[in-house]
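Worksheet: the structure to be examined is printed underneath.
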Amino acid sequence: MPEQPSAEELADQVLAHPSVARLHGGAFGEIASYYPGRRLTGVRLREDGTVEVGVVLRLDRPLPETVADLRDALAQRWGGTPVDVHVCDVETAEDPSTTG
């Protein structure tokens, strides 16, 4: 069984993807990892060994392609660990949060 990555390592890999604007905790903030004194939003390592990632994507390419890329890259790097990618929101070039 492959060594499970840390939530920080997964977050770094997800954020390195050019179509990922940021991590997202889901509708109720349930996608998160907890550490003493802090919380990492957007990545949850489940007890069964699977990984859950919440993202906000840029609309620079079809969403299913981006999700497949993320899922495949994460699973490949981490020895086939099953990965669930949740698209929680999208950003467009006109989105006020991307300007100024």
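Sequence positions, counted from 1, serve as the residue numbers for this chain. Values reported hereafter were calculated over all heavy atoms of this structure, with side chains retained and with hydrogens, waters and symmetry mates removed.
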So which atom in [X] and which in [Y] form the shortest heavy-atom distance, rounded to 0.1 Å?
X: T66; Y: R61; answer: OG1-CG, 3.2 Å
X: A73; Y: Q13; answer: O-NE2, 3.3 Å
X: V43; Y: I31; answer: N-CG2, 3.7 Å
X: G29; Y: Y34; answer: O-OH, 4.2 Å

Checklist outcome for this item: Paired with L45, the side-chain contact (heavy atoms from CB on, under 4.5 Å) test is passed by just one of V51, L40, T50, namely V51
Item to check | Residue Q76 excluded, over 12 heavy atoms near CD under 6.0 Å | outcome: no
Next on the checklist: Strictly below 4.0 Å, N to O, side chains only: are R71 and E65 in salt-bridge contact?
Outcome noted: no
Checklist entry - Would you call D84 and R46 a salt bridge, taking side-chain N to carboxylate O under 4.0 Å as the test? => result yes
Item to check | Reported CG-to-CG distance for the pair L10 and L74, which is rounded to 0.5 angstrom | outcome: 6.0 Å
Item to check | Euclidean distance, L59 CG relative to L57 CG, rounded to 0.5 Å | outcome: 8.0 Å
Non-neighbouring partners of [X] that pass side chain to side chain donor-acceptor pair (under 3.5 Å), sequence neighbours left out:
X: R58; value: none
X: D72; value: none
X: S19; value: D60

Checklist entry - For S33, does its backbone N or O pair with a side-chain atom of R39 as donor and acceptor, under 3.5 Å? => result no
Checklist entry - Any donor-acceptor pair under 3.5 Å linking the side chain of E30 with the backbone of F28? => result yes
Checklist entry - Between the side chains of W78 and E9, does any donor sit under 3.5 Å from an acceptor? => result no
Next on the checklist: Grouping I, L, V, M, F, W and Y whenever their side-chain heavy atoms are under 4.5 Å apart, do V87 and V14 come out in a common cluster?
Outcome noted: yes
Checklist entry - Hey, any chance V56 and L63 share a hydrophobic cluster, counting ILVMFWY side chains that come within less than 4.5 Å of each other, even indirectly? => result no
Next on the checklist: Is any side-chain heavy atom of L70 closer than 4.5 Å to one of V53?
Outcome noted: no
Checklist entry - Are H86 and H24 close enough, and set up right, to give a side-chain contact (heavy atoms from CB on, under 4.5 Å), and what steps lead you there? => result CA-CA 9 Å; H86 300 273; H24 193 285; over 6 Å; no
